[in-house]
Amino acid sequence: MELLFSKWVSAFLLCCWLIFSVGHSVEGLHGNARVRAVNLGGWLVVEGWIKPSLFDDIPNGDMLDGTQVQLKSVTLQKYISAQNGGGMNVYVDRDNPLEWETFKLWRISESIFQFRTSEGQFLTCSGDGDSVTATAESPSYSETFYLERNFNNRVHIKLKSGTYIQASNDNVLTADFPGTPGWDDNPATFEMTFVAKLQGDYQLANGYGHNKAKDVLKKHRNSFITVDDFDFLYRRGINTVRIPVGWWIASDSNPPAPFIGGSLEALDNAFSWAQAYNVKCIIDLHAAPGSQNGMEHSASRDGTVNWQTYPEHIAQTLDAIEFLASRYAVHPALLGIELLNEPSAADVSLDILVPFYKQGYQIVRKYSSTAYVIFCQRIGNADPFELYQANIGSSNTVVDLHYYNLFDRYFDKLTSSENIQFLYKNRQSQIQALNSANGPLVFVGEWVNEWNVTNGSLADYQDFGRVQLDVYNAASFGWSYWTLKCEKKHWDFEWSIQNNYLQLQPGTSPRKMIPRVILLLGLACIWSFMH
Ligand SMILES: *[C@@H]1O[C@H](CO)[C@@H](O)[C@H](O)[C@H]1NC(C)=O
Ligand SMILES: *[C@@H]1O[C@H](CO)[C@@H](O)[C@H](O)[C@H]1NC(C)=O
């Protein structure tokens with residue numbers, strides 16, 4: 001009997017030991033650790049909402065590339081409309097502005113613009129006396145307009161010849177206003193409404209112009225993230241940073257216009273600081289040529305997504321991966337390379353994405369047999385499981401999931417406890433399912449302790465943060481908070497930690513360890529008693 005009991009105890013102890021020692025761990029991190037990372041968002045890929053002041057000194061700074069405007073004739077009280085959204089005639093005949101009445105700016109200078117329709121054509125006018133149509137597929141001389149702006153967002157539009165465009169009584173736009181209009185109600189005066197804006201690297205660089213942009217970005221890259229931030233992260237038990245970069249980093253000494261070199265030196269610095277503090281780096285290709293999601297953080301010019309449309313974009317992206325892999329593969333701080341951030345499911349099909357991921361994987365493997373190769377899930381209507389079925393690479397692969405209880409109407413009206421339930425019901429079960437799927441490790445590469453609950457209390461935020469950490473800690477590769485610094489306080493990791501809105505637990509979650517250790521010690525006592 002006694003012998004049998006002690007056998008059971010031994011078996012139990014063996015199980016406990018196995019529970020502790022088996023399970024995923026990430027190669028390259030100390031101990032049995034998983035990734036506990038913070039994103040360095042808004043640093044080497046600019047996002048205006050993260051640091052609005054970067055855009056402060058641009059003249060006519062609310063009229064940047066990709067800004068969406070609507071124009072209403074003050075005499076007709078109708079909006080300019082591209083029939084069918086472009087490719088046809090233009091009328092001034094709409095009462096309610098929707099897509100056809102919305103134009104994206106391409107900025108040539110602070111007062112010279114081109115107007116792109118929702119279907120992608122440009123407004124065009126061949127010369128004096130001609131009417132405006134929306135038939136040009138690409139912009140040049142006839143698609144270029146000169147804007148004059150009054151303080152109350154009234155504008156005049158003229159051709160290079162000096163002739164002003166007016167809204168005629170038969171509801172077309174023609175370049176035949178006689179003389180120079182005043183700012184009163186006349187057919188050459190339009191009211192401009194802003195509908196949306198983009199503030200990424202394209203907008204910043206093209207808005208300031210090369211020389212000024214170079215100064216602004218140099219200052220930003222040298223000051224937004226410094227060695228002190230790595231000290232901060234290290235002290236909080238953060239073991240990795242995920243660093244968004246733009247594709248132009250691969251030709252850093254002379255990147256294609258309007259992009260500005262210098263991000264490579266900053267990335268080099270990040271690697272040195274990381275090494276000094278025993279932190280690892282994940283390089284994340286956040287902005288790809290042509291834009292893979294239309295967002296400012298993909299450095300899109302106007303929200304159009306055409307990364308997938310041109311094979312040369314994909315080739316350039318692979319070149320960027322090759323450049324990064326060849327440069328950093330041997331660096332002791334490199335943990336992994338993420339091939340493409342947030343491709344949009346609506347635009348980028350799996351038929352394009354999977355072969356790209358496979359090629360990217362092979363390229364990284366040419367330079368490193370151990371660096372993790374990270375595949376980001378498609379955003380929008382896509383199930384990350386699609387990347388588990390795709391069989392992209394054989395070793396050290398990771399799928400990156402981005403978890404925000406935001407940006408989807410579903411979350412708009414949730415209470416704090418409904419938000420927390422969602423984490424348990426949806427996020428946790430997805431992580432568990434993917435953890436046990438055969439294939440890549442699971443990485444929650446972006447999440448934030450923010451929601452669409454108004455007036456959440458400090459305790460509400462602490463609960464939300466604690467449950468998120470609890471759920472994401474189970475991801476087999478780990479997690480990464482978005483983002484280290486941000487104008488919006490709840491997005492700002494440093495602020496959230498310093499103000500106690502987000503409470504990190506040390507590495508192996510002592511709250512869970514202590515009962516297990518006590519149990520083990522107890523069992524060990526019983527066992528030794530019986531011998
Ligand atoms: C928050 O909810 C409001 C509606 O209540 C919505 O308009 C807004 O877009 C939501 N914000 C985000 C970031 O999802
Ligand atoms: C919520 O916060 C807003 C400002 O942030 C404040 O005006 C409002 O009174 C608050 N509502 C409640 C119920 O506390």
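In this chain, numbering begins with 1 at the start of the sequence shown.
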Are there over 12 heavy-atom neighbours, none belonging to [X], within less than 6.0 Å of that residue's [atom1]?
X: Lys51; atom1: NZ; answer: yes
X: Glu265; atom1: CD; answer: no
X: Lys218; atom1: NZ; answer: no
X: Lys219; atom1: NZ; answer: no
X: Tyr310; atom1: OH; answer: no
X: Gln498; atom1: CD; answer: yes
X: Asn381; atom1: CG; answer: no

TODO: Run the numbers on Trp479 and Tyr472 for ring pair (Phe, Tyr, Trp, His ring centres under 6.0 Å), then give the verdict.
DONE: CA-CA 6 Å; Trp479 50 257; Tyr472 308 157; 8.1 Å; no
Task: Criterion side-chain contact (heavy atoms from CB on, under 4.5 Å) against Ser476, the qualifying member of Val26, Asn435, Val398 - done: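 Looking at Val26, Asn435, Val398, the match for Ser476 under the side-chain contact (heavy atoms from CB on, under 4.5 Å) is Asn435.
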Task: Qualifying residue, where the test is side-chain contact (heavy atoms from CB on, under 4.5 Å) with Trp49 and the options are Gln199, Glu296, His297 - done: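 It is Glu296; the other options fail the test.
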Identify every side-chain donor-acceptor pair in residues 313-325 under 3.5 Å, counting partners at least two apart or on other chains, and give the distances.
| residue | atom | partner | partner atom | Å |
| --- | --- | --- | --- | --- |
| His313 | ND1 | Asn306 | O | 3.0 |
| Thr317 | OG1 | Trp307 | NE1 | 2.8 |
| Thr317 | OG1 | His313 | O | 2.6 |
| Glu322 | OE2 | Lys366 | NZ | 2.8 |
| Glu322 | OE2 | Tyr367 | OH | 2.5 |

Does [Y] offer a backbone N or O that forms a donor-acceptor pair with the side chain of [X] under 3.5 Å?
X: Asp383; Y: Phe385; result: yes
X: Tyr424; Y: Ser429; result: no
X: Gln203; Y: Asp65; result: yes
X: Arg365; Y: Ser368; result: yes

Are a donor atom and an acceptor atom from the side chains of [X] and [Y] found within less than 3.5 Å of each other?
X: Asp268; Y: Tyr328; result: yes
X: Asn269; Y: Arg221; result: no
X: Thr67; Y: Arg107; result: no

Under 30°, 30 to 60°, or over 60°: which ring-plane class applies to [X] and [Y], parallel, tilted or perpendicular?
X: Tyr277; Y: Tyr234; answer: tilted
X: Phe232; Y: Phe493; answer: perpendicular
X: Tyr410; Y: Phe422; answer: tilted

Task: Atom of Asn293, atom of Met295 and distance for their closest heavy-atom approach - done: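 Result for this residue pair: OD1-N, 2.9 Å.
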- [ ] Just jot down the ring-ring contact (aromatic ring centres under 6.0 Å, His included) partners of Tyr461, sequence neighbours excluded, or say none.
- [x]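 Tyr461 satisfies ring-ring contact (aromatic ring centres under 6.0 Å, His included) with Trp451, His490, Tyr501 once adjacent residues are dropped.
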- [ ] Quick one: do Tyr481 and Trp447 satisfy ring pair (Phe, Tyr, Trp, His ring centres under 6.0 Å)? Show the steps, please.
- [x] CA-CA 5 Å; Tyr481 191 90; Trp447 64 278; 4.8 Å; yes
